[in-house]
2 protein chains.
Amino acid sequence: MSDGVEWSIHCCTVLAVLPPGEALPAARLAEFHEVPPAYLAKHLQALSSAGIVGSISGPRGGYALARPAAEVTLLDIVLAVDGEETAFRCSEIRQRGPAAQPDPAAYRRPCGIARAMWRAEDAWRRELTATTVADLLAELMATVPTAQLLAGAEWIQQVQINRRTRP
Amino acid sequence: MSDGVEWSIHCCTVLAVLPPGEALPAARLAEFHEVPPAYLAKHLQALSSAGIVGSISGPRGGYALARPAAEVTLLDIVLAVDGEETAFRCSEIRQRGPAAQPDPAAYRRPCGIARAMWRAEDAWRRELTATTVADLLAELMATVPTAQLLAGAEWIQQVQINRRTRP
DNA sequence: GGTTCCGTACTCGGATAGTTGTTGTCCGAGTAATGAGGG
DNA sequence: CCCTCATTACTCGGACAACAACTATCCGAGTACGGAACC
């Protein structure tokens with residue numbers, strides 16, 4: 001799985017605590033997490049294409065969540081960054097080799113192996129769907145020490161002030 | 001996910017219907033599935049290292065399941081071929097950037113994002129653990145037309161005869 | 001003083017190289033069956 | 001006829017290239033703000 005998934009989720013939690021109407025540029029998000037700015041921008045583009053975040057150009061622009069944090073699931077982010085296709089790909093090798101049947105009707109039902117693998121992936125997706133960015137935030141509020149939460153909030157606030165006073 | 005996972009699972013189901021005491025060479029398994037023989041051999045080595053299949057050298061040698069099919073789970077195969085590490089890797093980026101805390105004790109509890117992702121992977125692994133090669137075989141017996149099952153059995157039997165009469 | 005227009009600086013978006021992991025292949029070490037030879 | 005032994009052919013195992021995907025980066029298109037000029 002791409003490292004960009006981790007970065008993207010962290011970015012979404014940061015964007016979730018942004019005051020409504022405000023946006024945060026990709027460069028600031030990269031600075032906050034100490035990751036390569038240009039590469040993070042690439043993943044944010046993917047989030048934007050998927051409709052998870054909205055992008056605003058020009059000064060005072062940046063990224064912001066496109067919908068409430070409670071409506072952004074982890075699966076949404078993972079699929080946007082890593083692609084929609086399943087991890088297990090069935091290449092139908094059962095239809096090849098000496099035991100193959102010429103009648104295509106024999107292969108109407110999906111391969112049992114693929115079904116088992118996809119059942120596991122469904123369980124994985126269900127679990128990822130059950131967790132939203134809002135849940136992650138609530139868990140942060142409950143477990144992270146207040147001092148650390150304040151440090152993050154302070155930094156974001158300072159960025160907003162700098163952008164307002166000296167654009 | 002590597003394509004070798006699919007091949008390996010198919011191979012295990014074939015090995016499961018082998019008469020006890022017999023073995024099937026990697027070349028025959030590759031022939032049965034029409035996959036590159038040398039590359040399949042590589043994955044069979046992984047299965048052997050993991051103790052899922054046993055290998056026998058020399059004439060009449062080959063691969064055979066190392067334990068009953070009911071005790072080989074899909075997770076065993078997937079981990080052997082794709083590696084033991086989790087798909088999601090937490091690089092602890094929360095400990096970096098301007099909001100980081102100097103006190104290491106603040107990061108004793110795992111990152112909530114990693115916990116959520118690993119929870120999903122646990123669900124995936126649970127589902128894969130619940131399915132064994134024996135289950136796949138039973139499902140095959142119940143759904144695949146008899147003619148096709150016979151074709152496969154015939155082929156395996158013929159291979160065994162050829163190996164016995166003309167080694 | 002209010003309005004309009006232009007310049008500017010900042011943003012995102014897609015097109016472009018470098019590096020690691022997956023895919024694919026090969027040849028050598030080891031082994032068990034085979035057949036001949038001898039007792 | 002039975003036993004011993006060298007031969008032989010077959011197997012696995014690990015070492016060696018080619019490709020693709022992930023990682024990382026850059027520059028151009030677009031946009032909203034700021035200020036200056038004009039009415």
Side-chain angles (χ1 to χ4, degrees), chain A residues 1-8 11 15 21-31 33-50 52-64 66 81-83 85 87-89 91 159-160 162-167, chain B residues 1-8 11 15 21-31 33-50 52-64 66 78 81-83 85 87-89 91 93 159-160 162-167:
Chain A
M1 179 176 298
S2 167
D3 286 345
V5 171
E6 183 189 9
W7 302 358
S8 299
C11 285
L15 293 179
E22 301 285 338
L24 208 55
R28 296 291 159 276
L29 283 168
E31 185 183 338
H33 295 109
E34 270 189 29
V35 294
Y39 190 31
L40 177 63
K42 188 178 184 63
H43 294 303
L44 289 172
Q45 285 174 30
L47 293 179
S48 179
S49 297
I52 296 173
V53 302
S55 64
I56 304 167
S57 291
R60 307 287 306 277
Y63 289 99
V81 175
D82 253 25
E85 60 187 15
F88 179 87
R89 288 154 305 189
S91 51
V159 166
Q160 298 295 334
N162 287 344
R163 281 159 61 80
R164 239 191 301 272
T165 58
R166 194 191 42 180
Chain B
M1 179 175 299
S2 166
D3 286 346
V5 171
E6 183 188 10
W7 303 357
S8 299
C11 286
L15 292 180
E22 300 287 337
L24 208 57
R28 297 290 158 278
L29 283 168
E31 184 182 340
H33 295 108
E34 271 189 29
V35 294
Y39 189 31
L40 176 63
K42 189 180 184 64
H43 294 303
L44 289 172
Q45 284 174 30
L47 292 178
S48 180
S49 297
I52 296 172
V53 302
S55 65
I56 304 166
S57 291
R60 306 287 307 277
Y63 288 99
V78 170
V81 175
D82 253 25
E85 60 188 13
F88 180 86
R89 290 155 302 189
S91 51
I93 62 177
V159 166
Q160 299 295 335
N162 287 344
R163 281 160 59 81
R164 237 191 302 273
T165 58
R166 195 191 41 180

Is [X] close enough to [N] that one of its side-chain N or O atoms is under 4.0 Å from OP1 or OP2 there?
X	N	result
B/Tyr39	C/dT23	yes
B/Gln45	D/dC12	no
B/Arg163	D/dT11	yes
B/Ser48	D/dG13	yes
B/Ser55	D/dT11	no

Quickly work out the [X] [atom1] to [N] [atom2] distance and round it to whole Å.
X	N	atom1	atom2	result
B/Lys42	D/dA15	NZ	C1'	9 Å
A/Asn162	C/dA9	CG	P	18 Å
B/Leu40	C/dG24	CG	P	11 Å
A/Leu44	C/dC12	CG	C1'	10 Å
B/His43	C/dG24	NE2	P	8 Å
A/Leu47	C/dG13	CG	P	11 Å
B/Asp3	D/dA21	CG	C1'	13 Å
A/Met1	C/dG21	CE	P	17 Å

Q. Can you check whether B/Glu22's main-chain N or O pairs, donor with acceptor, with B/Gln160's side chain at less than 3.5 Å?
A. no
Q: For B/Arg163 and B/Pro59, indicate whether the former's side chain and the latter's backbone hold a donor-acceptor pair under 3.5 Å.
A: no
Q | Side-chain heavy atoms of A/Arg89 within contact of B/Asp3, under 4.5 Å | A | yes
Q) Would a 4.5 Å heavy-atom cut-off, applied to side chains only, mark A/Leu40 and A/Cys11 as touching? A) yes
Q: Taking side-chain contact (heavy atoms from CB on, under 4.5 Å) as the test, write out the residues that go with B/Pro36, two or more places apart.
A: B/Trp7, B/Tyr39
(Q) If I compare all heavy atoms of A/Ser8 with all of A/Leu47, which pair ends up nearest, and what's the gap? (A) CB-CD1, 3.9 Å
**Q.** Value rounded to 0.5 Å, distance of CG in B/Leu24 from CG in B/Leu44
**A.** 10.0 Å
Q) Where each residue is assigned the nucleotide of DNA chain D containing its nearest heavy atom, which of A/Trp7 and B/Arg28 is assigned the position nearer the 5′ end? A) B/Arg28
Q: Please work out if B/Gly62 contacts a base, only the sugar-phosphate, or nothing of the nucleic acid, heavy-atom cut-off 4.0 Å.
A: sugar-phosphate
Q. At under 4.0 Å between heavy atoms, what does B/Ala26 touch on the DNA or RNA strands: base, sugar-phosphate, or nothing?
A. sugar-phosphate
Q: Could you work out which one of D/dT25, D/dA24, C/dT23 sits closest to the side chain of A/Ala38?
A: D/dT25
Q. Where along nucleotides 27-32 of chain D does protein come under 4.0 Å, by heavy atom, of base (B) or sugar-phosphate alone (S), with - for untouched nucleotides?
A. ---BBB
